[in-house]
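Just so you know, ligand 1 is whichever comes first in the structure, and atom 1 is the first atom listed for that ligand.
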Amino acid sequence: MKAAVLYEYGKPMVIEEVELDPPKSGEIHVKVAAAGICRSDLHVMKGDALQPLPVVLGHEGAGIVLGIGEGVVSFKPGDRVIIPFVSSCGKCVSCLTGRGNLCDTHGATAGFMFDGTTRLHKNDHRIHHMSKLACFAQEAIVPDISCVIVPDDVPMAQAALIGCCVTTGIGATTHTTKVAPGNTVAVIGCGGVGINVIQGAHLQNASKIIAIDINEGALEFAMGFGATHAINSNQEDPIQCAKDITGGLGVDYAFEVFGSTKTVKNAFDIVRKGGTAVIVGLAPVNEVAGIDVVSLVRQEKTLKGSYYGSTRPSIDIPNMIDMYRSGKINIDDLITREYSLDDINEAYSDLEHGEIGRGVITTF
Ligand code: COD
Ligand code: ZN
């Protein structure tokens, strides 16, 4: 089957034929129907986030079950599924304490399936699976444990986005923190994930939702998803502007949704006394953000990380599906571009060059 393989950081992915083994016990074989173009894959392509290479990236996916491995009882061929980018084993300490998004077994076997081997090969050389998912390919072998059935009225592109940016973004405002009615919120980075943080804050009835980005197009787009104010941080000081908007206080919650030390520091500085900065983005490995530790203490600020919106994928993804079906969240207008797998490098170039909204691969 055809896949996009990343062999070297900083180089384009190679679209080529690779071999995919049949599913083993507890795995399902999926025909990929949609795969989102998320910045987290770009972090890997640039070497800012590390993965064993060569690797098939793609962690925002939905597909149709083609076959099942031994012991799989919850899925059958023909089922439409969302494949979460964290498969929670259900047995480790993190899973058993309700933190399936942080599954220890998933983390310890990064790049591989749960048994420590790969199903992807090229001429007897193994190829790794990003997030046990690797959906930048025509087909995938994935663990069955966290997959979620998608009703027929949810299109596959929208389903794929629920697999990452929707759940990551909305979960940050509802699970990592609980934005309360009337709270003020700033969102730094208004791309696929940031727009969903904005939707989440809007769902929670935040009074002011301040979108901050360096791209005017992204800011305009954000206003259509619930942002009440927009700040271009290339042109204005975002900290001062947010203070002006909030009567000199700063915001109750700031969400960093880009991934750099500068934006992490901005998120911390923009919150009011007693406020919380939630960091969703991953800055490049080994970089350190300079946090004002005096105001951390004297102003009782909180600095909090958020991974997969602190959700339990197999429980919370069905809730996201229902919110989409009942019109509470808008995924349709978030999808601005569709691509073929053959054009994946162009899709990432578009993301890097500031195309707004979410791109999705829908032709394989
Ligand atoms: N200040 C403000 N905004 C900025 C800046 C800046 N200095 N630089 C860029 N931006 C804006 C861009 O213009 C763009 O609008 C937005 O930030 C980023 O949007 P996208 O669509 O490119 O990125 P997303 O939404 O797909 O991804 C954002 C993440 C924060 C999830 C990603 O970058 C990341 O850090 N991922 C690692 C964390 C992780 O693995 N999460 C789980 C899987 S997503
Ligand atoms: Zn993602």
> Where is the nearest protein heavy atom to atom 32 (C) of ligand 1: which residue, which atom, and how far?
Replying inline: H43 NE2, 3.5 Å

> Can you list the atoms of ligand 1 that are under 4.0 Å from a heavy atom of Y307?
Replying inline: 39 (C), 40 (O), 41 (N), 42 (C)

>> Among all protein heavy atoms in this structure, tell me which lies nearest to atom 18 (C) of ligand 1, with the distance rounded to 0.1 Å.
In response: R39 NE, 3.7 Å

>> Show the atoms of ligand 1 that are less than 4.0 angstrom away from any heavy atom in R358.
In response: 21 (O), 24 (P), 26 (O)

> Is there at least one pair of N or O atoms, one from L282 and one from ligand 1, spaced under 3.5 Å apart?
Replying inline: yes

> Nearest to atom 31 (C) of ligand 1, what protein heavy atom do you find, and at what distance?
Replying inline: V193 CG2, 3.7 Å

> Under 6.0 Å from the six-membered ring centre of Y9 and within 45° of its axis: does the NZ or CZ of K46 meet both?
Replying inline: no

> Below 6.0 angstrom between ring centroids: does that apply to F112 and H128?
Replying inline: yes

> How long is the span from the CG atom in L219 to the CD1 atom in I210, to the nearest 0.5 Å?
Replying inline: 12.0 Å

> Atoms of ligand 1 less than 4.0 Å from C38 heavy atoms?
Replying inline: 26 (O), 44 (S)

> Where is the nearest protein heavy atom to atom 28 (C) of ligand 1: which residue, which atom, and how far?
Replying inline: V257 O, 3.6 Å

> Out of G281, G354, S306, who gets a non-hydrogen atom closest to atom 30 (C) of ligand 1?
Replying inline: G281

> Under the 3.5 angstrom rule, does the side chain of E60 hit a backbone N or O of C165 as a donor-acceptor pair?
Replying inline: yes

>> Distance under 4.0 Å to a non-hydrogen atom of V280: what atoms of ligand 1 satisfy this?
In response: 38 (C)

> What is the minimum heavy-atom distance between C147 and I28, and which atoms define it?
Replying inline: SG-CD1, 3.9 Å

> Is C38 close enough that one of its N/O/S atoms sits under 2.8 Å from the Zn ion (ligand 2)?
Replying inline: yes

> Considering only heavy atoms of C164, which atoms of ligand 1 have at least one such atom less than 4.0 Å away?
Replying inline: 43 (C), 44 (S)

> Within the side chain of Q204, is there an N or O that forms a donor-acceptor pair under 3.5 Å with the backbone of V179?
Replying inline: yes

> Would you say the side-chain atoms of N101 and T311 include a donor-acceptor pair closer than 3.5 Å?
Replying inline: no

>> Distance alone, cut at 3.5 Å: any donor-acceptor contact between the side chains of S310 and R312?
In response: no

> What protein heavy atom sits nearest atom 39 (C) of ligand 1, and how far off is it?
Replying inline: S40 OG, 3.6 Å

>> Minimum distance, heavy atoms only, to atom 11 (C) of ligand 1: which one of D213, I214, N266, N234 is it?
In response: D213

>> Ignoring hydrogens and geometry beyond distance, is a side-chain donor-acceptor pair present between N232 and E216 at under 3.5 Å?
In response: yes

>> Is it true that, when you exclude K76 itself, more than 12 heavy atoms of the residues, nucleotides or ligands shown sit nearer than 6.0 Å to its NZ?
In response: no

>> Would you say the ring centers of F364 and Y339 fall short of 6.0 Å from each other?
In response: no

> Considering only protein heavy atoms, which is closest to atom 7 (N) of ligand 1, and at what distance to one decimal place?
Replying inline: T263 CG2, 3.8 Å

> Taking atom 16 (C) of ligand 1 as the point of reference, which of P238, G191, G36 owns the nearest heavy atom?
Replying inline: G191

> Any idea which protein heavy atom is nearest atom 21 (O) of ligand 1, and the distance to it?
Replying inline: G192 N, 3.1 Å

> What protein heavy atom is closest to atom 42 (C) of ligand 1, reported as residue, atom name and distance in Å?
Replying inline: F85 CZ, 3.4 Å

>> In this structure, does ligand 1 have an atom that sits under 4.0 Å from one of the heavy atoms of H59?
In response: yes

>> Are any of the N/O atoms on A218, whether in the backbone or the side chain, positioned under 3.5 angstrom from an N/O atom of ligand 1?
In response: no

>> Please check: side-chain N/O of E27 versus main-chain N/O of K24, any donor-acceptor pairing under 3.5 Å?
In response: yes

